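Reading through the structure tokens given below for one structure.
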Protein chains: 2
Amino acid sequence: MLNMRSAHDDRTARAVIRDRALELFAAQGPDSVTVRQIASAAGVSPGLVIHHFGSKEGLRSAVDEHVAAVFDGLFARAEAGGLDMSDGGSFAETLLENLPPGSSIPGYLRRLLLAGDAAGTTIFRRWFAAGAAATEALVARGLMAPGRDPAVRTAFVMVGDLMLLLLRDQLADVLGVDPLGAEGAARWAEEVLDIYRNGLFGTEGEPS
Amino acid sequence: MLNMRSAHDDRTARAVIRDRALELFAAQGPDSVTVRQIASAAGVSPGLVIHHFGSKEGLRSAVDEHVAAVFDGLFARAEAGGLDMSDGGSFAETLLENLPPGSSIPGYLRRLLLAGDAAGTTIFRRWFAAGAAATEALVARGLMAPGRDPAVRTAFVMVGDLMLLLLRDQLADVLGVDPLGAEGAARWAEEVLDIYRNGLFGTEGEPS
DNA sequence: CAGCATACTAAACACATGTTCAGTCGATGG
DNA sequence: CCATCGACTGAACATGTGTTTAGTATGCTG
């Protein structure tokens with residue numbers, strides 16, 4: 001009843017197809033990727049892709065679920081304190097560190113959010129919940145002020161972080177440095193920390 | 001030599017096709033929109049679409065150029081001070097106010113940026129330049145501190161604003177309020193202003 | 001061993017796609 | 001008025017699409 005290779009798992013052709021599909025979907029957008037391209041990248045026949053996932057749409061949701069599972073795992077680890085998060089509370093950076101270099105998952109997330117896909121919204125919700133939990137913890141320890149509108153405050157901080165993932169290329173273009181690379185991340189973190197500490201209007205918190 | 005109707009312009013079929021294409025592209029993504037859908041939405045034959053734009057790709061770039069022109073116009077007016085920008089310096093809000101309600105341009109911009117399209121990068125650059133100019137003006141008048149890394153600071157502020165456009169739906173989902181609607185915008189602006197004034201760590205700028 | 005289910009392929013199918021083509025209509029200009 | 005040019009259509013075309021089908025090989029189960 002079980003899959004033949006479900007025990008010694010992720011080398012199965014099914015998983016290979018899913019992974020190649022993830023890469024192609026992230027790079028070109030799901031609509032302009034053909035079943036034949038995926039099959040060729042995975043070294044199998046087009047028929048097998050349909051055999052395993054029922055349809056191209058089925059493959060898409062399998063990829064969605066896989067990506068969601070990866071994020072859920074990371075969020076769970078982050079909330080349990082299992083991730084180091086030493087870099088100024090940036091989950092975006094932490095994410096990149098815990099993904100294989102060159103992973104297509106950030107690119108795919110970008111596509112999910114851009115298209116307003118339901119799977120993307122779910123991940124966004126989860127991210128927001130994790131951010132809210134982190135905020136509460138910081139507030140409880142007196143390390144952060146809750147603000148008048150804690151939900152909005154959490155959203156703002158979260159979104160400033162998420163942006164690094166979503167607009168990485170465009171930011172790299174105007175700044176001349178990859179904001180998620182070594183140098184860029186340091187510059188970004190320093191400046192953001194300065195704003196979070198002193199605001200925008202004075203270097204040492206001059207009141208107006 | 002000139003187009004027959006190029007004088008009393010934007011009611012020409014060519015413009016109608018371009019506008020319907022913009023709407024469909026923004027809603028579904030260019031790849032999953034067919035020439036026949038566009039033709040049908042514009043009330044013309046598929047052949048005419050190609051007749052006017054050469055190819056579907058030609059139509060895409062015509063839409064890109066049109067969107068870029070709209071943005072350029074707005075940036076020019078903003079830099080000249082012709083836009084009121086009374087709402088806490090949010091260009092996203094100003095943009096929405098100067099666009100017909102329900103315009104597809106924000107949605108199309110989202111697609112351009114998240115797909116990494118060159119046209120999107122161009123608009124992003126222009127936006128950044130406008131933000132940098134606004135920042136400089138504020139700094140010159142002593143209304144804002146330049147920070148240690150002015151480029152990064154400008155990018156951060158700009159990106160926090162741009163987010164409202166790009167993640168509007170997701171933010172509305174987690175906040176329960178459209179952050180670009182009347183109530184949501186007020187809440188958002190108030191909280192962001194608080195952060196920009198006092199930072200994240202204290203309501204009245206308590207140093208650590 | 002037989003029986004069976006599963007992974008897998010090659011070829012075909014039905015259909016939707018972007019594009020072309022031949023031709024009609026209507027206006028404009030000499 | 002006639003010739004020409006551009007807007008425009010309906011039907012066709014070539015191709016690429018997702019999917020189906022028939023069939024082979026292989027390993028598991030009784």
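A note on names: the letters A, B, ... follow the listed sequences, proteins ahead of strands, and every chain is numbered from 1. Computed from a predicted model, the values in this text were never measured in an experiment.
Out of dT17(C), dC8(C), dT20(D), the shortest distance to the side chain of I50(A) is found at dT20(D).
The pair D19(A)-R14(A) does not count as a salt bridge, with every side-chain nitrogen at least 4.0 angstrom from each carboxylate oxygen. Contact check on D117(B) versus R111(B) returns no salt bridge, with no Lys/Arg side-chain nitrogen under 4.0 Å from an Asp/Glu carboxylate oxygen. The pair R148(A)-E190(B) meets the salt-bridge criterion, since a charged nitrogen lies less than 4.0 angstrom from a carboxylate oxygen.
To the nearest angstrom, P of dT19(C) lies 14 Å from CD1 of I17(B). The CD1 atom of I38(A) sits 15 Å away from the C1' atom of dG16(D) (whole-angstrom rounding).
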Quick one: do L166(B) and L166(A) satisfy side chain to side chain contact (heavy atoms under 4.5 Å, CB included)? Show the steps, please. CA-CA 10 Å; L166(B) 301 189; L166(A) 301 188; over 6 Å; no
Could you walk me through whether D161(A) and S90(A) satisfy the side chain to side chain donor-acceptor pair (under 3.5 Å) test, starting with their C-alpha distance in whole Å, then the side-chain angles of each, then the deciding distance to 0.1 Å, before giving a yes or no? CA-CA 6 Å; D161(A) 188 24; S90(A) 166; 2.8 Å; yes
Give the intermediate values and the outcome of side chain to side chain contact (heavy atoms under 4.5 Å, CB included) for residues L74(B) and E79(B). CA-CA 9 Å; L74(B) 284 173; E79(B) 283 179 18; over 6 Å; no
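Along DNA chain C, the nucleotide nearest to D31(B) and the one nearest to R36(A) differ in position, and the one closer to the 5' end is contacted by R36(A).
Judged by distance alone, the side chains of D173(B) and T121(A) never bring a donor and an acceptor atom under 3.5 Å apart.
Contacts between residues 52-59 of chain B and DNA chain C, counted as heavy-atom distances below 4.0 Å, involve S55(B), K56(B).
Distance check, rounded to the nearest 0.5 Å: CE of M158(A) to OG1 of T135(A) gives 11.0 Å. Atom-to-atom distance recorded for I123(B):CD1 and L113(B):CG is 7.0 Å, nearest 0.5 angstrom.
Note on the helix from dC1(C)-dG30(D) to dG30(C)-dC1(D): terminal axis deviation equals 0°, with five pairs used at each end and the result rounded to 10°.
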Contacts under 3.5 Å, N or O only, protein and nucleotides 9-11 of chain D:
{"from": "dT9(D)", "atom 1": "OP2", "to": "S45(B)", "atom 2": "N", "distance (Å)": "2.8"}
{"from": "dT9(D)", "atom 1": "OP2", "to": "S45(B)", "atom 2": "OG", "distance (Å)": "3.0"}

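Looking only at distances, a side-chain donor or acceptor of K56(B) sits under 3.5 Å from a matching main-chain atom of V33(B).
Classification of the F75(B)-F91(B) ring pair by plane angle, with boundaries at 30° and 60°, yields parallel.
Using a 4.0 Å heavy-atom criterion, one finds that V33(A) contacts the sugar-phosphate atoms exclusively.
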